[in-house]
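Take a look at the structure below.
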Amino acid sequence: MTISPNRAHKSKNLESYTSDEEEDDMPLSQASIKKRRRVKINDILDDDEGDGDEDEDEDATLSSIAVKNKKQKISKIKVEEFDGSSSSQEKKVKKSKKKSKKVSKKMISDPKNETKQESDDDDKPLKKEVSTELENDEEEEYKWWEKQNEDDSIKWTTLKHNGVLLPPPYEPLPSHVKLYYEGKPVDLPLEAEEVAGFFGAMLETDHAKNPTFQKNFFTDFLHVLEQNGGTKNGIEIKEFTKCDFKKIFDYYDLQREATRQKSSLEKKQIRLEREKAEEKYKFCELDGRKEQVGNFKVEPPGLFRGRGAHPKTGKLKRRVQPEDIVLNLSEDAPIPEAPAGHQWGEVRHDNTVQWLAMWKENIFNSLKYVRLAANSSLKGQNDLKKFEKARQLKDHIDTIRKDYRKRLKNKFMLERQKATAIYLIDVFALRAGGEKSEEEADTVGCCSLRYEHVTLKPPNTVIFDFLGKDSIRYYQQVEVDKQVFKDLTIFKRPPKQPGHQLFDRLDPSILNKHLQSYMPGLTAKVFRTYNASKTMQDQLDLIPNEGTVAEKLLRYNAANRTVAILCNHQRTVTKGHAQSVEKANMKIKELEWQKIRLKRGLLQLDSSELKKNKAYFKELDDLSKEDEASIHAHIIERERDRLHKKFARENDKKKFMKEKELPESELKEWLDKVEEKKKQYAKELKTNVVELRSSLNTVEKIKAQIEKLEQRILTATIQLKDKEENSEVSLGTSKLNYIDPRLNVAFCKKYNVPIEKIFTKTLRDKFKWAIESADENWRF
DNA sequence: TAGAGGACTTAGCACAAGCGAG
DNA sequence: CTCGCTTGTGCTAAGTCCTCTA
């Protein structure tokens with residue numbers, strides 16, 4: 001069971017958080033909220049708390065402190081020359097230009113085929129330009145970002161669309177694939193079989209091993225079974241542990257394998273058919289313009305996969321029927337036809353909202369929406385507004401910071417809590433943290449922090465340890481402002497104890513109301529956007545405008561990483577991470593050995609080189625005999641492995657083609673060559689005399705070869721470093737949601753970095769407004 | 001004036017597609 | 001050309017914040 005080290009698990013939560021018994025003897029336990037009780041401590045603080053050390057005026061508010069505190073390491077490797085690929089990159093671009101022209105012609109002749117053409121085109125870099133040109137030819141493209149921003153309570157005047165794409169109906173299992181109960185095959189009604197299938201298909205996942213998931217699934221499964229008349233062959237299912245889903249799992253696993261095995265032609269065929277079926281749902285007409293729809297596919301039924309220790313994980317997410325769906329479109333728009341025998345739940349004409357369709361899901365009774373794609377004008381406008389609001393905060397941030405510093409000493413408890421909370425949100429980029437019900441995973445943000453999430457270490461060190469959004473652990477040991485430390489101590493004073501709210505007077509709405517008094521529209525989340533973009537701007541400003549594109553990119557990524565760390569954006573380390581780091585390290589060692597070997601060879605050829613440049617040969621003694629031997633062994637081992645695999649592969653092929661297989665002797669012959677190499681290495685190790693291949697017969701040639709190797713070592717080292725530093729940090733989220741895209745665009749323009757290097761195609765689409773509106777001097 | 005409901009953004013994961021090394 | 005890893009995208013869960021209602 002592989003679990004993200006960052007995502008805490010239920011058992012851990014239950015241990016470290018308040019247990020119910022404890023609460024019962026608490027005088028205040030009558031509070032309706034069980035775990036998250038509010039214990040209030042005195043409203044007005046007397047002088048001995050309020051007084052204190054005069055402001056040291058340490059300018060400690062800036063988020064840069066948080067970053068520093070996190071011991072952020074920004075790659076400082078000096079790269080001499082690192083861009084081996086730039087010329088080939090250029091070629092690629094040129095090539096694609098030609099190709100693109102062709103494409104655009106095709107597209108003009110058949111504009112409806114736009115998406116198909118796009119996905120067929122494999123040269124990315126210029127695609128954007130091409131489609132822009134095209135759209136310009138076709139019809140004047142709507143550049144909403146050049147228009148004035150009018151009233152936005154009305155989202156559209158006309159809206160036409162084709163409704164939603166419902167998931168395919170359930171395909172029953174073949175009759176020989178069944179659930180087994182106490183070893184006996186069970187005949188399930190179709191509805192129950194489907195649910196069993198959901199579980200069976202994910203038998204090997206972590207979810208299926210989670211007891212809560214199992215319990216919730218089983219309850220819902222039994223319910224569906226009962227609703228549909230029970231099993232058809234008289235078997236009564238009572239206990240989960242007696243159910244055997246293995247056959248079902250095997251069946252679905254085989255299916256998965258089969259799709260994977262399909263030839264690329266077959267896959268393409270399937271893809272084309274799918275695209276054809278989806279075509280009509282992909283676009284809608286908004287105010288007469290064609291815009292892309294985002295999630296036009298209705299979520300298929302399945303088992304709810306809650307994150308972290310979610311009490312509802314594993315519950316059945318039931319199939320959404322057309323009757324559950326509410327459509328939203330213009331009054332004069334044709335109403336898309338409901339599937340045969342069905343009708344839509346409701347048709348609405350509400351132009352104050354941005355959604356095209358909506359339904360209520362059954363796990364939380366919450367609403368799910370079908371909305372426009374990220375590249376649409378509506379989403380773009382919202383995005384721009386968000387970043388403009390964050391930029392507006394620039395003009396208020398000094399006032400706000402001054403004010404909360406002052407209020408940290410206010411004599412009213414509520415005011416101090418507000419001030420402290422804003423401090424934490426500003427400096428550590430915490431989320432607002434709304435109250436959650438018992439039906440959800442126990443995660444917190446600023447306002448919902450509890451006693452046990454904050455440990456205070458005098459004089460002013462604070463350890464935050466809690467589960468935030470998505471049950472991602474936030475763990476930081478940081479130094480805070482002295483007054484903040486004092487206040488936190490007060491907020492934790494008895495009678496408070498584990499389980500109690502740290503900010504007992506506060507919730508996001510109180511906090512946001514206060515924030516509005518500084519600036520209209522200011523809320524807690526704006527601080528995250530502001531600090532992320534501000535940090536990015538500051539980091540980018542530090543990058544020298546010199547060196548290769550690869551070098552600049554490396555530094556760009558380092559800047560991006562600073563932001564991601566500030567926002568605590570994590571990802572689970574990939575399965576093979578440790579292994580692949582190990583492999584990369586080995587490869588570097590090997591390259592280094594090769595270099596040394598070449599240098600030895602060089603000296604054998606002309607020993608006078610040593611006197612000419614002693615420093616050049618200084619690493620000759622770096623490698624111990626043992627290290628060298630182990631590198632040898634590794635190379636030999638890998639070589640053998642490779643040959644064995646090759647042998648097996650070729651024989652598989654021959655078997656398939658009904659040809660005669662290679663004899664074992666052939667493999668032996670190959671291996672003998674490796675054996676020779678091994679002997680040769682052993683000899684070199686003993687005598688210290690190397691035998692370079694015969695083409696390396698002049699000092700120049702060897703030196704050139706050494707240079708190449710050095711280049712490769714450098715590249716590999718940088719890549720490895722980048723990889724290690726990024727292994728637990730997710731850069732994507734901040735790039736997608738927090739860093740003003742115009743910053744990235746300005747960076748690219750100023751530093752001559754192609755935008756494709758930092759924005760994928762989807763991102764370029766989403767941020768088209770930024771790409772076209774920001775110049776190299778744009779600043780956040 | 002709290003709490004529910006509604007509408008929107010933000011988030012990591014799973015899986016497919018792409019891509020570079022061998 | 002194949003294999004195995006990385007990258008990009010789709011999916012949908014999980015937040016925030018606002019409005020409406022009793």
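Naming: A, B, ... by sequence-line order, numbering from 1 per chain.
- Rounded to an integer number of Å, the gap from CD1 of Ile739(A) to C1' of dT9(B) is 16 Å.
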*Quick one: do Phe503(A) and His453(A) satisfy ring pair (Phe, Tyr, Trp, His ring centres under 6.0 Å)? Show the steps, please.*
CA-CA 12 Å; Phe503(A) 296 109; His453(A) 296 136; over 10 Å; no
Do any N or O atoms of the protein come closer than 3.5 Å to N or O atoms of nucleotides 15-17 of chain C, and which pairs are they?
residue, atom, partner, partner atom, Å
dG15(C), OP1, Thr443(A), OG1, 2.8
dG15(C), OP1, Asp470(A), N, 3.1
dG15(C), OP2, Lys436(A), NZ, 2.4
dT16(C), OP1, Ala432(A), N, 3.4
dT16(C), OP1, Gly433(A), N, 2.6
dT16(C), OP2, Gly434(A), N, 3.2
dC17(C), OP1, Thr523(A), OG1, 2.9
dC17(C), OP1, Ala524(A), N, 3.1
dC17(C), OP1, Lys525(A), N, 2.7
dC17(C), OP2, Asn512(A), ND2, 3.1

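- Regarding contacts with the backbone of dC18(C), every side-chain N or O of Lys513(A) stays at 4.0 angstrom or more from both OP1 and OP2.
- With a 6.0 Å radius and a threshold of 12 heavy atoms from other residues, nucleotides or ligands, Lys155(A) has its NZ atom above the threshold.
- The side-chain hydrogen bond (donor to acceptor under 3.5 Å, both in side chains) test applied to Glu273(A) returns Gln269(A), not counting sequence neighbours.
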*Audit row: Glu590(A), Lys587(A), salt bridge (charged side-chain N to carboxylate O under 4.0 Å, His left out) steps and yes/no*: CA-CA 5 Å; Glu590(A) 213 179 293; Lys587(A) 198 178 153 193; over 6 Å; no
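- Contact between Asp426(A) and Asn531(A) at its shortest, heavy atoms only, is O-ND2, 2.8 Å.
- The side chain of His310(A) places no N or O atom within less than 4.0 Å of a non-bridging phosphate oxygen (OP1 or OP2) of dA13(C).
- Here Gly306(A) lies in heavy-atom contact (under 4.0 Å) with sugar-phosphate atoms only.
- Rounded to whole angstrom, the span from the CG atom of Leu763(A) across to the P atom of dG8(C) amounts to 9 Å.
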Short heteroatom pairs, N/O only, protein and nucleotides 3-7 of chain B, under 3.5 Å:
residue, atom, partner, partner atom, Å
dA7(B), OP2, Tyr369(A), OH, 2.6
dA7(B), O5', Tyr369(A), OH, 3.3

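- For the pair Gly521(A) and Glu361(A), nearest-nucleotide mapping onto DNA chain C gives the more 5' position to Glu361(A).
- Close to dC13(B), at under 4.0 Å from its OP1 or OP2, lies no side-chain N or O of His207(A).
- As a whole-Å value, the separation of Gln292(A) CD from dT9(C) P is 12 Å.
- Side-chain N or O atoms of Lys312(A) include one that pairs as donor or acceptor with a backbone N or O of Ile363(A) at under 3.5 Å.
- In this structure, Arg473(A) places its CZ atom 18 Å from C1' of dG12(B), rounding to the nearest Å.
- The phosphate of dT9(B) (OP1 or OP2) has no side-chain N or O of Lys386(A) nearer than 4.0 angstrom.
- Residue Gln570(A) contributes atom CD, which lies 12 Å from atom P of dA11(B) at whole-angstrom precision.
- The residue among Asn737(A) and Lys267(A) whose nearest nucleotide of DNA chain B lies closer to the 5′ end is Asn737(A).
- A close approach under 4.0 Å does not occur between any side-chain nitrogen or oxygen of Ser509(A) and OP1 or OP2 of dC18(C).
- Dashed line: the shortest gap from a side-chain N or O of Thr760(A) to OP1 or OP2 of dT9(C) is under 4.0 Å.
- Taking only side-chain atoms of Pro300(A), from C-beta outward, the nucleotide of dG12(B), dT12(C), dT9(B) with the closest atom is dT12(C).
- For Asn585(A), there are no side-chain hydrogen bond (donor to acceptor under 3.5 Å, both in side chains) partners at least two apart in sequence or on another chain.
- Regarding Lys268(A), its NZ atom lies at a distance of 16 Å from the C1' atom of dA16(B), rounded to whole Å.
- Distance Arg256(A) CZ to dC15(B) C1': 11 Å, rounded to the nearest Å.
- Using a 4.0 Å heavy-atom criterion, one finds that Asn382(A) contacts the sugar-phosphate atoms exclusively.
- The side-chain hydrogen bond (donor to acceptor under 3.5 Å, both in side chains) search around Thr760(A) returns none, not counting sequence neighbours.
- Here Lys297(A) pairs with Glu278(A) under the side-chain hydrogen bond (donor to acceptor under 3.5 Å, both in side chains) rule; sequence neighbours left out.
- In this structure, the CD atom of Glu275(A) is 10 Å from the P atom of dA17(B), given to the nearest Å.
- Aromatic ring centres of Phe213(A) and His310(A) lie farther apart than the 6.0 Å criterion allows.
- Residue Lys267(A) qualifies as enclosed at atom NZ: its count of foreign heavy atoms under 6.0 Å is above 12.
- OP1 or OP2 of dA13(C) has at least one side-chain nitrogen or oxygen of Lys368(A) nearer than 4.0 Å.
- Between Arg260(A) and dC3(C) there is no side-chain N or O to OP1 or OP2 distance below 4.0 Å.
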